[in-house]
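The structure appears below as structure tokens.
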Amino acid sequence: MLYTELSSATQKEALERFKAKGFPTNKWEEWKYASLKSWNEKDLDWTPASLHESSTASLQTQNGNTTFQGSLPAGVEFISFDAFLASNPALAAKWEQRRPILDQNSLYDLNTALVANTQVLWVKAGVSVVQAITHDFIVSASKASAIQSRLIVFLEADATLTLIERAFTKEGSAEVLSNFVQEIYVSEKANLTYVKEQDLAANTSHIDHTFITQLSDSQVDLFTFSLNAEYLRNNLHFYSDGEHVVSNLNGLYVPGENQLMDSHTVVDHRKPNSESNELYKGVLMGNATGVFNGKIFVRPDAQKTNAFQSCKNVLASTRATMNTKPQLEIWADDVKCSHGTTTGQLNEEALFYLRSRGISLANARTLLLLAFVQEVIDRVTHEETKLRLTDKIISKIQTSLAI
Amino acid sequence: MLSIKNLQARIGEKEILKGINLEIKAGEVHAIMGPNGSGKSTLASVLAGREDYEVTGGSVDFLGKDLLDLAPEERAAEGLFLAFQYPVEIPGVSTTNFMKSAVNEIRKYRGEEALDAVQFLKMFKEKMSYVNIDQSLLSRALNEGFSGGEKKRNEIFQMAVLEPKLAILDETDSGLDIDALRIVAEGVNKLKSPDNATIVVTHYQRLLDYIVPDFVHVLYKGKIVKSGGKELALELEERGYDWIISALGE
Ligand SMILES: Nc1ncnc2c1ncn2[C@@H]1O[C@H](COP(=O)(O)OP(=O)(O)OP(=O)(O)O)[C@@H](O)[C@H]1O
Ligand SMILES: [Mg+2]
């Protein structure tokens, strides 16, 4: 059933680990609300056909195959991961020390076993990439398929990069389980801004694992905008492995009818004097299910850590549910940590006020929901992306409320 | 214009309005006074269409339509306006932002063309001068951190923009300093015409020096127990409500 003709020992071992566990079920604590159990029984295509959608993005991942179109900006390279490791022993050594947290993640093993093509987007030391690099991530299949994709982003010291990812399904695709692993390395004083727009089809399940290692004086501003998919799971990890690291995690999910969106975040403070700010917001419509699980680890060495986490949700329908679980594990004593989660309905008083001015109930709700999500959108500094996301979110909210 | 007949309303098990009768014609100003908790704001809310209140009896005709049958936004589009006693704070929504939606939705309801950005700018500017309100206030999140007086001015600014046929001002004078009271009252007077009417809910005669009522009504325990001309307000200021209540034989 499962493709087993694998070349490397690493892949074979990873496959055995995956086979022993299978897809996560709701019996696994970390996957309690986001079971993928039904995929264990499906007759799946494990090696999807290659795809050639036209796209204007520089970086493209089409059914797991990642390419770079057009000319690379100065100081940026795009090469296979094996070649990258072989030609850069010093960087390879650093890479080996990044220690990702892989508990209850059989999908990472599945990805390691079956991923066909792993490329590295590599920004050299001191290079500031002026133009944002757009990344179109496209999946499509003619029969039920599992698609593995992997991308490595490596920023050397003092490098600066903005990445805009748009994940979507090609129209007319059969059922897809898209399993996307990204490992990102942000060296000393480097700066990364990364906006993810997840707008996939009603029969796509997309699992995004983004593991980011940050060294001293680096900053990462990450945004996850979850707009559409049958099932969306984000495993977002930050390994804060230096001093004066700034990690900003922003998330916005707007699931509607028959959609599940699960954000599992980890911020692992391993060294002193760093900060993390996490702001997640959700609007749940129809019979949507939302999950937020935010872990913050402050290791014994990480004195003077500032870690903040906030997750606020609005249930815009009586049939929607939201599950939140902040988990703070603090082993250092001189730290500032705070967290807060809220889930509520729209303010009736405010709705009545707006209606008394002549605004219809539907528009009043949209207005209040937009006001609620604006805080996250406003943090995006890339204007074009901000406008596109605003339009998409307005139309998503309007169509979901009209059901 | 407005004809209220035997209106009764309650919230939960508590009966608040116990048979209100009131007739208002175009061009008139009516003042409603009465002790705290007598039901003045409840009457205003029921007229504006707040759904927390259950209307248990009576009828309200507004310009030939059954008002109680309309959604709050339809009442606004028909020309009803309520200046709230306690305007709500709405984080993330500015006055200019939602007033644009409000104006264009109402225009659509009436079959009129939508206004564009330039027309809004001009109109807002003119209406701002009515109540001497600043643009910066209108760009801020609605009522968030507004002073008591700023909230009330903002209510009257909205009234000026919407040009209602019937405006209900629920204690718009409370929280205003002496100059602001005069400015707001002048704004209201400027909007007065033979085609529209105003209901002023207040505790103090002072406001009625500026907005001179044609009729004064006393609401007590959910009923209008006395009506008169503007001299009734002066008498209430002097004597309080006791003489009216004791005349009721309670
Ligand atoms: N949501 C509610 N739940 C329970 N009782 C309510 C509610 N709203 C109003 N009431 C009660 O109804 C009565 C009338 O209240 P209302 O606000 O209409 O009085 P008012 O005449 O406007 O008073 P004031 O002069 O103090 O503004 C009061 O006893 C009040 O406590
Ligand atoms: Mg009142």
Side-chain angles (χ1 to χ4, degrees), chain A residues 225 250-252 254 279-283 310-316 318 340 342-380 386-387 389-391 393-395 397-398 401-402, chain B residues 44-53 70-110 112 140-144 151 154-155 157-159 161-164 167-168 170:
Chain A
F225 291 96
N250 307 280
L252 177 62
V254 289
L279 174 70
Y280 270 69
K281 284 196 169 185
V283 173
S310 157
C311 174
K312 295 183 183 147
N313 303 282
V314 175
L315 297 176
T318 50
T342 57
T343 300
Q345 267 102 40
L346 280 178
N347 181 348
E348 288 293 332
E349 298 265 320
L351 277 175
F352 175 65
Y353 187 95
L354 294 173
R355 295 178 75 189
S356 80
R357 298 309 185 232
I359 297 174
S360 69
L361 177 60
N363 287 342
R365 297 174 82 192
T366 308
L367 204 68
L368 293 181
L369 290 173
L370 276 178
F372 173 72
V373 303
Q374 200 67 47
E375 185 185 6
V376 184
I377 301 173
D378 278 346
R379 293 186 175 192
V380 177
K386 188 195 254 169
L387 292 176
L389 283 165
T390 305
D391 285 349
I393 289 161
I394 291 176
S395 88
I397 288 175
Q398 280 175 336
L401 291 183
Chain B
S45 297
V46 169
L47 292 177
R50 183 175 235 139
E51 280 149 359
D52 307 346
Y53 299 94
L70 301 177
E73 57 269 32
E74 293 171 322
R75 300 180 194 203
E78 291 290 343
L80 188 85
F81 180 86
L82 169 62
F84 286 76
Q85 180 176 1
Y86 303 111
V88 62
E89 291 183 7
I90 311 188
V93 177
S94 72
T95 307
T96 34
N97 171 354
F98 83 84
M99 283 307 283
K100 284 180 188 168
S101 310
V103 167
N104 276 342
E105 272 197 64
I106 290 177
R107 291 182 71 90
K108 192 172 165 195
Y109 181 95
R110 295 176 183 164
E112 297 165 0
R140 271 166 57 184
L142 180 68
N143 294 322
E144 240 185 1
K151 287 181 185 171
N154 186 281
E155 293 290 293
F157 165 75
Q158 292 174 41
M159 172 182 164
V161 168
L162 296 175
E163 297 183 334
I168 306 167
D170 191 358

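Chain letters run A, B, ... following the sequence lines, proteins first, then strands; residues in each count from 1. Hydrogens, waters and symmetry mates are skipped; everything else that's a heavy atom, side chains included, is used.
Atom NZ of A:Lys312 has 12 or fewer neighbouring heavy atoms from other residues, nucleotides or ligands inside a 6.0 Å radius.
Side-chain contact check for B:Asn154 versus B:Lys151: every heavy-atom pair is 4.5 Å or farther apart. Looking at heavy atoms from C-beta onward, A:Lys281 lies in side-chain contact with A:Glu375 at the 4.5 angstrom threshold. Side-chain contact between A:Leu279 and A:Arg379 is present, with heavy atoms from C-beta onward closer than 4.5 Å.
Per-residue counts of heavy-atom pairs under 4.5 Å with chain A were compared for B:Ala102, B:Pro164, B:Ala141, B:Ser101; the largest is that of B:Ala102. Ranked by non-hydrogen atom pairs under 4.5 Å with chain B, the options A:Asn347, A:Leu370, A:Leu367 are led by A:Leu367.
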Test side chain to side chain contact (heavy atoms under 4.5 Å, CB included) on B:Asp170 and B:Tyr86; report intermediate values, then the result.
CA-CA 9 Å; B:Asp170 191 358; B:Tyr86 303 111; over 6 Å; no

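Using a 4.5 Å cut-off between heavy atoms, A:Leu361 touches chain B through backbone and side chain atoms alike. Heavy-atom distances place both the backbone and the side chain of A:Glu349 under 4.5 Å from chain B. Of the two parts of B:Arg75, neither the backbone nor the side chain holds a non-hydrogen atom closer than 4.5 Å to a non-hydrogen atom of chain A. Residue contact with chain B, scored on non-hydrogen atoms closer than 4.5 Å, involves the side chain of A:Leu354 exclusively. Contacts between B:Asn97 and chain A at a heavy-atom distance below 4.5 Å involve the side chain alone, from C-beta outward.
No donor-acceptor pair under 3.5 Å is formed between the side chain of B:Arg107 and the backbone N or O of B:Glu112.
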